Amino acid sequence: MTTEPQTATAPNPEDIPSRFDFESAEKEIYANWQSGGWFHAEPDSSQKPYTIVIPPPNVTGALHLGHALNNTLQDVMIRLKRMQGFNALWMPGTDHAGIATQARVEKRIKDQEGKSRHDLGREELVKRIFQWKEQYEARIIGQLKQMGCSCDWDRTRFTLDEVCARAVRHTFFDLFRKSFIYRGKRLVNWDTYLGTTVSDDEVENKTVKGNFWHFMYPVIDPQPGEPPHVIVATTRPETMLGDTAVAVHPDPAAALSKVESELNVKLKKAAASEIEGIEQQIEALKTRRTEMLPALEQLREMANDGRMLMLPLMDRPIPIVTDIWAKPELGSGCVKITPAHDPNDYEVGKRCSLPMINIMNADGTLNAESGEYQSLTMKQARKAVVGDLEALGLVKEIEDREIEMPVSDRSGTPIEPYLTDQWFVKMDTLAQSAMDAVESGRVKITPARYSKGYLSWLGEKRDWPISRQLWWGHQIPVWSIPCPTQADCDATREKVSGLSAFSADIASVEIETSSEPDPEKRKQLGLPDFTLHVCVQDESTELEQQLESIGLVREEDVLDTWFSSALWPHSTLGWPEKTSELDYFYPTSALITSRDIITLWVARMVIMGLNNLGDIPFDSVFIHPKILDGNGETMSKSKGNGIDPLDVIDKFGADALRFGMADLTTETQDVRLPVSYECPNEKCQHQIPHTTKNRVLPSLACPKCKETFSTQWAESEADLAFPRGPVTCERFEVARNFTNKLWNASRFAMLNLEGYSPAPIDEAHLTVEDRWILSRLVTVASTVTEALENYRFASATRTLYDFAWDNFCSFFVEILKDRFADPELRPHAQRMLVFAMDQLLRLLHPVMPFITEAIWQQLNRFAPQRGLESVADATECLIGASWPALDARWSNADIETQFARFQSGLGSLREIRARQNLSPKKEVKFSIRCDQAYADSLSPMASYFKSMAAAELTSMGPDVVPPETNATVASDGIEMFVDLEGLIDKAAEIKRLEKEQKKLEGNIMGKEKKLSNEKFVSSAPAEIVERERVSLGKLKDQLASVITALKKYQ
RNA sequence: GGGCGCUUAGCUCAGUUGGCUAGAGCAUCUCGUUUACACCGAGAGGGUCGGGGGUUCGAGUCCCUCAGCGCCCA
């Protein structure tokens, strides 16, 4: 059903700007999409769902180009699926990002007000962080909107909001009740500044200058022949206060031999430059064997005899133990063991059942266990300990040495290994379920190689430490009470179990047995035999008060951020409520993220989805490349090399940003994006490449024009007053130029659509180029669809770019110019142009939604009804249009070959024109000697040579006689003669022919060699051999023709 | 130490299962403002596919090895 055509009158060229004004268009278009409800999805059983949950950006700060990439790809998929008729939901939201955000806000408060979090208190700090969150959440969402992201904003979630909090409580309760959650001691990375644990991935190792101190520990009652001291070396002398043993290798001779043989193996393979160093090492080992081995073996015997050392300063007897951690090839061959303050020593402590003495308070000062050094900081203690040992004459040597120092990523302070109580999730069963999901193919990871890391990480089944000593996050819903004795424990348990919550099964109790096995020691340290923990499912003031009145106290710690992120695919859909959304949209369809959080996040979502719903969270995971800067470094906030996508949008437009992003999404794992500032001074516009220094400055001076400009980091009024220097990158220029090309193609259409009348096309009227563009459209549409559905984004963008520019603009539109000039051909030509544009716009929409929508609206003004075999009203918005589904019968290889002949002929003509330096207006005549079939296939396009190469085809066929003075081009079994009477530049022509001759001879030789190789002819597939033969024949014809032509001039 | 990548034109990258003369964009050079577009058009130059070995009729593509770079996990 169509209404009367209403074609707008043609605009004047000056009515349509020759550049797309993306700035104003983007805002308006986005607002229209939103008000049209296009982003919102409701469960609807008549449609298939397609769901993506956003990797929630951290509210730590603004988004950078890495996020732009991530979200572009998601929006491309969502828009594609929406057009394909799916009920597409893109679930948006943000992540509270525990430590990262708290650290950032704390630092800000410290800088601006000089206050610590303890000055503010928990409630006030959380309030402040919430204010920060509001600000950055708004900014992040604003950025996503400007990028064109079609998220269902009505459903926006935050990992700390009520819905998510409820999901967290229910999950925690469930795991607690299944006894998957426990509390235990663990050596953690302690940030003494923030007063919290930081995870391994938040620790950075720095190489700094330090010392290696050699101390002498006296032997208690040395027997005759025994040394009076044992020498140990350390880079952290202050930890000796917590030493509980000295270790020596159980078989030093064997250990030395092993090292030596390893060195010998290395020596054999070593490069010349390394040989000397390795030989020296082997020599040193030999010396060591003769000089030190007896002493080490003696120490080993002493250890076996249970001999003791006196720990200086503390006057504590400590044993000599044997453990493989002691390296006989290093230092004295003995190593001091501080189990509570060193990860390796901790393992030794566990192996040798050593006491673990914690000498540090949470704030980094020393505690009562360090005797008279109590309340010094670790740094002060170092000085004091070294000084005191020197006074005692127990320092043997101090070496200068470079040491690896772990530093907190968040605060920059050195990490102290620290033994504390932490909550854990038992991973064995849970991890196995997530491994099965990927191994069985229920969750498909693309590119497949990333499954390996996922599986091997899960395969370790290491328990997940989930407590963080922070205030920003989900507070652990556990109330605890120490029970000194079994009797206390039973009594408390009885009291607690009597509460109504227990009969309602919304609270659960667990008993923790003290980790200190020695009852005497427990008494000494005041440790209870048991601790009773109660976990409460839902927030309940009443129950909490009841528990507290019994004497239970709530755990202060909060949960690891990833705990709530792990629930994201179902918590956002309302779980644990049985919502219709959950029922309809879960499991989600795709998860698109970057590789650094495959284990931290992806694996845990699979675990939690399976645990909470018994189903995987998503069918498919796509891991996209990481964006590196021009120096090959990953973009991150801490480095300051992250680029605000809005900078790019301001300069190039959102479509260019998106196209650029999709275009660099190949299957590689990283991609470099060298960026520069552009001097905003109109007359200068100098490009200033980013360096490690200038990329973090709030303002800088242009080295060329010396004018100062501001950057994205500008905060002060003074900096903001300077003009903003945008960030540029070649990739986006290419993309921007592409949008402009598209804009102008549509501009051409608008200027030529007056009098457009919609009608189904008559196949009889289709020209070769019509059939060609239709055939190309079928191929391009299927290539793009297949590429996008398999996450090959760059392949899709390149196909589209080439098609739009090289096929559509450079040929189809160019040819149409001739046809528009002819009133008889015009109506059909208009319909073809309209149809081709319509299809192209649809194909480009997922990647470049704004400009395609803008052009669609214009096209709707001039050609509201369109179609190929039948005509229909176009949808009002492109976002809601259907994905192209052109009948495959339009695909036509013969037509494409036929058209390729025209293109090749045109190319030859243009090349000759350029070589001969003919002015564009100078018309030439040419003829083609070819068989009749070829002539017939080319003749429909003969007239186009005139407009596209200023060349007139005078004759074509088998009997063509070349003109006296001509330039000859032979290719594909034909000869083309360009009449150059009175025009020829002989030297140029000879040069061209000689070059051609050389090239042909080279190729012919290669092919002849190949074909004369009997093995090739007999082994290679027949079609390959045949292809080579045909190709050789043609090359020989061409060469003959070139030689004939050359002879004429020589 | 283990794992995963990368090395192709001056730069940034394509190159599905080995098979026509290894491609693109930018940059460079030449020509051109013809009424969609100079954010444009026409043309050109530029590569022993990191080195070495192997498998094969045939290797940028598969295998081994060496070198350099990056990331992840210890």
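Remember, predicted model here, so these are calculated numbers, not experimental data. Computation of the quantities below employed the complete heavy-atom set of this structure, encompassing side-chain atoms and omitting hydrogens, waters and symmetry-equivalent molecules. The chains referred to below are lettered A, B, ... by the order of the sequence lines, with proteins before strands, and numbering in each begins at 1.
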Do [X] and [N] share a donor-acceptor pair, side chain to base, under 3.5 Å?
X         : N      : value
Lys452(A) : C4(B)  : no
Arg449(A) : C4(B)  : no
Glu460(A) : A74(B) : no

Short N-O contact, [X] and [Y], less than 4.0 angstrom:
X         : Y          : answer
Lys998(A) : Glu1001(A) : no
Glu667(A) : Arg792(A)  : no
Lys991(A) : Glu994(A)  : no

What does [X] touch in the nucleic acid at a heavy-atom separation under 4.0 angstrom: a base, only the sugar-phosphate, or nothing?
X          : answer
Ser1031(A) : nothing
Arg798(A)  : sugar-phosphate
Arg595(A)  : sugar-phosphate
Ser1018(A) : nothing
Asn1013(A) : sugar-phosphate
Cys809(A)  : base
Gln1038(A) : nothing
Arg736(A)  : base

Looking only at side-chain N and O atoms, does [X] come under 4.0 Å of OP1 or OP2 in [N]?
X         : N      : answer
Thr666(A) : A14(B) : yes
Lys995(A) : G45(B) : yes
Lys741(A) : G41(B) : yes
Arg19(A)  : A38(B) : no
Thr799(A) : A14(B) : no
Trp805(A) : G41(B) : yes
Asn737(A) : C40(B) : yes
Lys817(A) : A36(B) : yes

(message) Would you say the ring centers of Phe902(A) and Phe945(A) fall short of 6.0 Å from each other?
(response)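 Yes, close enough.
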(request) Side chain of Pro920(A) only, please: which of C73(B), C57(B), G32(B) is the nearest? (result)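 Nearest to the side chain of Pro920(A) among the choices is G32(B).
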(message) If you only use heavy atoms from C-beta on, which nucleotide in U21(B), G5(B), U12(B) is closest to the side chain of Pro674(A)?
(response)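 Closest nucleotide among those given: U12(B).
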(request) Walk me through it: do Arg915(A) and Glu911(A) pass the test salt bridge (charged side-chain N to carboxylate O under 4.0 Å, His left out)? (result) CA-CA 6 Å; Arg915(A) 293 269 182 202; Glu911(A) 193 198 332; 3.7 Å; yes
(message) Please report the distance separating the C1' of G10(B) from the corresponding atom of G47(B), rounded so that it comes out in whole Å.
(response)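 Per the computed distance, 12 Å lies between those C1' atoms.
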(request) Between A67(B) and G43(B), how far apart are the C1' atoms? Round to whole Å, please. (result)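 Pairwise C1' distance, G43(B) against A67(B), rounds to 41 Å.
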